[in-house]
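Here is the structure we will look at.
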Protein chains: 2
Amino acid sequence: MRDRRAERRESTRAEILDAAWEQVREHGLAALSLRDVARSVGMQPPSLYSYFDSKNAIYDAMYAQGARECVEAQQALKPLPDDQLEALKALLHFFVEFCAADFARYQLLFQRTIPGFEPSPESFKISEDNLAEIGEMLARSGVTDPGSLDLLTALGTGLADQQISNDPGGDRWIRLIDEAVEMFYEHITKKAKKPSKGRRTR
Amino acid sequence: MRDRRAERRESTRAEILDAAWEQVREHGLAALSLRDVARSVGMQPPSLYSYFDSKNAIYDAMYAQGARECVEAQQALKPLPDDQLEALKALLHFFVEFCAADFARYQLLFQRTIPGFEPSPESFKISEDNLAEIGEMLARSGVTDPGSLDLLTALGTGLADQQISNDPGGDRWIRLIDEAVEMFYEHITKKAKKPSKGRRTR
DNA sequence: GTCTATATTTGGATAGAC
DNA sequence: GTCTATCCAAATATAGAC
C-alpha cells in the first residue's frame, strides 16, 4: 500500500530544494538563506526543520541532487560511438555542457566555495561512483595512462570554467570542444607510437 | 618632506589587509569577518572604518593587491625566450603556479564567489591591463587567432583548477604543463599549415 | 584615530502550544 | 507538522566621547 504521508513529505522536501536552487541561482551559492527559502514555500522558518536538520543538510541534499543529475545526464549518452575520437568528443561535450548549464550547481559539486560545508559520505559517493564510471568509459576510449587522463580532465574543467566565467549563456568555449578533443587525441595517439616523447624534465 | 602620518596610515592599512588574507586563507574567502580581522590587529571592529569604508572596500583592496601581485609575477619572467614553444611554456608555468600558490587569491581574482562583491573599475583595470599584456606576449609567441587563444586560456585555467581542487600543495597537474604546451603548440602549428582542419561543424 | 556604546539586520536554531 | 515566540550569536555599520 502506498504511504501517502511519506509521499507528501518527499514532495515537500523537493519543493524546499527547488526553492533553494532558485535562490542560489539568483543570488549566488553562498547567499542561501533559510528565511527566504521558507518564505518562498509559504512556511515560517522553523518549519523547515521538520524536513531538514540544518542549513548544511539542505546543501547536502542539493549536492546529492546535483550529483544524481550528473549521473543521469551521463547515462543518457550511452551507448558511446565505437569510434574512440567520437566517443571522447561526446564525453567532453557532456561534461562541459553539464557544468555550463548551471553555475551554482557547478560551484556546489566541483568547487569548495561554501566555508563550512562538505558533502556527507553518502552524497559524495554518488559523485565518486560516477567519476569512476567516466574513468572506465575513458579507458575504453583509449585514454589509459594517468597523465593523459589528468590532462583530459584539465581540458574539460578548463573549457567549462572559461565558458561559465567569461561567456555565461553563450558558446564561445563550447564551440572549441571538438577541436580540443582532436588536439588531445592526436597527442595521445602520437605518444603511444613514440613513447620516448613527453618524458622531458624541466 | 615625508608625510609621516600618511605613511603610518598606509602601513596600518597594509596590516589590516595582511590579517584579512590570513583569515581567508584559513577559513575560506567568503568567511571574512570584520570582527576577527579587527581582533587580530588589536583593534575594536569600528576602528577599521577609519581605514576602509566597508567590508567590500576591503575585498576590493585585496583584489587590487592580488592583481598587482599578478602583474609583478608576470613581469618577473621577462624577457621571454626567443623560442616560441619555450616562451609559451614559461607563460603557462607562470599562470598555473600563480593560481595554485593561493587558492583564496585565485577565487577572488578569477571567480565570482562572493555574493555581493565585484571589483571597482580602478581595481578591475589592473587585471584588464595585465590580461591585455599577456595577450600581446601570446601574440608574439605565435598564438594569434582568437580560437587558439581561447583554447590556451582554457588549458591554463583547467590545469590551475585541477591542481588547486584535487592536489593542493602538490604538483600533479603542474607536472603536465610542458606536455600540455607541446600538445597545444603542435596543434596550432599544424593548423597554420593546413587551415582546412579544425573547421568541422558538429 | 581609537574607543565605548549601540543600532540594526540577519542569520540559524530551539521550545512549546496547538 | 506548523505555528508563535524567542533565543542567541554574529554580522556590518554609525554616533559620539575622549
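Letters A, B, ... are given to chains in the order of the sequence lines, protein chains preceding strands, and every chain is numbered from 1. Any value given below was found using the heavy atoms of this structure, including those in side chains, with hydrogens, waters and symmetry copies removed.
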Rounded to the Å, how far apart are A:I58 CD1 and C:dA13 C1'?
-> 12 Å
With sequence neighbours excluded, residues passing side chain to side chain contact (heavy atoms under 4.5 Å, CB included) with B:C99 = B:F95, B:Y106, B:F110, B:A160, B:I164
Applied to residues 109-125 of chain A, the salt bridge (charged side-chain N to carboxylate O under 4.0 Å, His left out) test, sequence neighbours excluded, yields A:K125-A:D129
A:R35 near the nucleic acid: base, sugar-phosphate alone, or nothing, with a heavy-atom cut-off under 4.0 Å?
-> base
To the nearest angstrom, the NE2-P distance between A:H27 and C:dG11 comes to 11 Å
Start and end of chain A contact along DNA chain D [non-hydrogen atoms, under 4.0 Å] = D:dG1 to D:dA5
What residues form a side chain to side chain donor-acceptor pair (under 3.5 Å) with B:D83, not counting sequence neighbours?
-> none
With sequence neighbours excluded, give me every side chain to side chain donor-acceptor pair (under 3.5 Å) pair touching residues 132-142 of chain A.
-> A:K78-A:E133
Donor-acceptor pairs are to be reported for all side-chain atoms of residues 19-32 of chain B against protein atoms at under 3.5 Å, with residues two or more places apart or in another chain.
from: B:W21; atom 1: NE1; to: B:Q65; atom 2: OE1; distance (Å): 2.6
from: B:Q23; atom 1: NE2; to: B:A31; atom 2: O; distance (Å): 3.4
from: B:R25; atom 1: NH1; to: B:D102; atom 2: OD2; distance (Å): 2.4

What residue pairs, at least two apart or across chains, pass salt bridge (charged side-chain N to carboxylate O under 4.0 Å, His left out) with a residue in residues 153-167 of chain B?
-> none
Using only heavy-atom distances, determine whether the side chains of A:S148 and A:D145 contain a donor-acceptor pair under 3.5 Å.
-> yes
Taking only residues two or more places apart in sequence or in another chain, which ones pass side chain to side chain contact (heavy atoms under 4.5 Å, CB included) with B:S50?
-> none
Selection: residues 17-25 of chain B, any non-hydrogen atom under 4.0 Å of DNA chain C = none
Under 4.0 angstrom, heavy atoms only, what part of the nucleic acid is B:S33 near: base, sugar-phosphate, or nothing?
-> sugar-phosphate
Taking only residues two or more places apart in sequence, or in another chain, which ones meet B:D18 in a side chain to side chain contact (heavy atoms under 4.5 Å, CB included)?
-> none
With a 4.0 Å heavy-atom cut-off, tell me which residues in residues 39-55 of chain A come close to DNA chain D, sorted by residue number.
-> A:G42, A:M43, A:Q44, A:P46, A:S47, A:S50, A:Y51
Could you list all the ring-ring contact (aromatic ring centres under 6.0 Å, His included) pairs where at least one residue sits in residues 50-80 of chain A, not counting sequence neighbours?
-> A:Y59-A:F117
